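Given the structure is predicted, the values throughout are model-derived calculations rather than measurements.
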Amino acid sequence: MHIVHLEPALGQSSWKGELPCRKWDCDCTFKRQRGCCCAATELKEVEDQIFQRVMDLSMNIFQLGDSILEVIGGIRVAFTASLSRKTCFGPFTRNRPIPYDAISLNHGSGYNPTLGLFTAPRSGLYSFSFSVYSKVHGESEKMYYKVQLMRNGEVVASTWEDNREDSEDSSSQTALLSLDQGGQVYVELLNGRQLCGNIQGLNTFSGSLIYPTLA
């Protein structure tokens, strides 16, 4: 390291003392102009280092974005289906899953229309919703249904009607559920109850993956 001794010139203010100066090789150093050679070289090195770090950071962000898109792009899980039959469904002697057979969406192939069963392709937080519609044949008949959303055999939400005041009625429920991979969700009709007079699109079951989680 070179040590440059600077002294004030007549009528000028100047740096007093010793100035450590590396890589000084130009005339301005001897003219006692501080920073032209010594500082300029150091500043350029710092500038180059900062620029390289910014470029590296930009590349890392770009690669992270690609990774996120790759992960999210491979996790599209969503379905929606409705009950197509216009005749009554039920009554049965035991609780029975409702086979929503008219599928309009089934990304990820998690929904089985034959069984009315959704099986989670991967662990995550899911949103499920179902709507129920039923209509009695005559004014004297009783509106009598109960439908419940099941997760791995346990009730998580339900809706029902049990009166003679309405000739037709509808209701709906929505729930957020955590599922492990292979977890199952379905909507079932309770034993002894029935859904009648369905118009396609009014009895529905749908679900979607909000975000994946570790098992």
Side-chain angles (χ1 to χ4, degrees), residues 54-90 92 94-134 145-161 169-190 193 195-215:
V54 171
M55 292 298 293
D56 291 343
L57 180 60
S58 177
M59 179 60 69
N60 290 338
I61 292 175
F62 180 78
Q63 292 174 346
L64 178 60
D66 281 351
S67 298
I68 292 174
L69 289 176
E70 182 180 353
V71 172
I72 294 177
I75 309 174
R76 292 193 293 177
V77 181
F79 76 94
T80 183
S82 62
L83 193 61
S84 64
R85 69 180 69 193
K86 295 184 179 180
T87 57
C88 291
F89 181 72
F92 303 103
R94 60 178 180 81
N95 296 358
R96 180 170 174 179
I98 301 174
Y100 300 91
D101 57 327
I103 300 175
S104 56
L105 179 69
N106 195 12
H107 285 165
S109 302
Y111 178 70
N112 184 324
T114 303
L115 302 176
L117 179 68
F118 172 78
T119 302
R122 66 170 304 156
S123 301
L125 179 67
Y126 290 80
S127 175
F128 294 95
S129 62
F130 65 95
S131 62
V132 182
Y133 171 84
S134 190
Y145 70 77
K146 183 174 182 180
V147 171
Q148 51 195 24
L149 182 67
M150 309 293 292
R151 174 179 59 182
N152 298 327
E154 297 183 355
V155 180
V156 293
S158 63
T159 183
W160 65 91
E161 189 70 44
D169 209 341
S170 63
S171 58
S172 62
Q173 285 276 18
T174 300
L176 296 177
L177 303 178
S178 294
L179 292 176
D180 292 332
Q181 184 177 13
Q184 297 180 328
V185 176
Y186 58 94
V187 180
E188 69 176 12
L189 179 69
L190 265 66
R193 314 292 178 101
L195 299 175
C196 291
N198 176 56
I199 299 175
Q200 185 173 342
L202 294 183
N203 276 294
T204 63
F205 179 35
S206 61
S208 62
L209 173 65
I210 297 178
Y211 57 80
T213 58
L214 297 177

Would you indicate whether the side-chain heavy atoms of [Y] and [X] approach each other to under 4.5 Å?
| X | Y | value |
| --- | --- | --- |
| Gln184 | Leu117 | yes |
| Val185 | Met150 | no |
| Leu189 | Leu195 | yes |
| Tyr211 | Leu125 | yes |

Between the side chain of [X] and the main-chain N/O of [Y], is any donor-acceptor distance below 3.5 Å?
| X | Y | result |
| --- | --- | --- |
| Tyr111 | Thr119 | no |
| Gln181 | Pro121 | yes |
| Asn112 | Leu115 | yes |
| Ser134 | Cys196 | yes |
| Thr204 | Ala81 | no |
| Gln173 | Ser158 | yes |

Taking the six-membered ring for Trp, are the ring centroids of Phe118 and Tyr186 within less than 6.0 Å of each other?
-> no
Close aromatic pair by centroid cut-off 6.0 Å: Phe205 and Phe130 | no
Apply side chain to side chain contact (heavy atoms under 4.5 Å, CB included) to the pair Val147 and Glu188, showing each step before the final yes or no.
-> CA-CA 6 Å; Val147 171; Glu188 69 176 12; over 6 Å; no
Would you check, one step at a time, whether the test side chain to side chain contact (heavy atoms under 4.5 Å, CB included) holds for Arg151 with Leu177?
-> CA-CA 8 Å; Arg151 174 179 59 182; Leu177 303 178; 4.0 Å; yes
Residues Thr213 and Ser123: side-chain donor-acceptor under 3.5 angstrom | no
If you look at every heavy atom in [X] and [Y], which pair is closest and at what distance?
| X | Y | answer |
| --- | --- | --- |
| Ala120 | Tyr126 | CB-OH, 3.6 Å |
| Ser127 | Leu176 | CB-CD2, 3.6 Å |
| Ser171 | Tyr145 | OG-OH, 3.4 Å |
| Pro99 | Leu83 | O-CD1, 3.4 Å |
| Lys146 | Arg193 | CB-NH1, 3.3 Å |
| Asn203 | Val132 | OD1-CA, 3.3 Å |

Begin with the C-alpha distance, continue with both residues' side-chain angles, and end with the deciding distance and a verdict on side chain to side chain contact (heavy atoms under 4.5 Å, CB included) for Val155 and Leu149.
-> CA-CA 6 Å; Val155 180; Leu149 182 67; over 6 Å; no
Can you measure from CZ (Phe79) to OG (Ser206) and round to the nearest 0.5 angstrom?
-> 6.5 Å
Roughly how far apart are Asp101 CG and Ser82 OG, rounded to 0.5 Å?
-> 7.0 Å
Do we get Arg94 above Phe92's six-membered ring, with its NZ or CZ under 6.0 Å from the centre and within 45° of the axis?
-> no
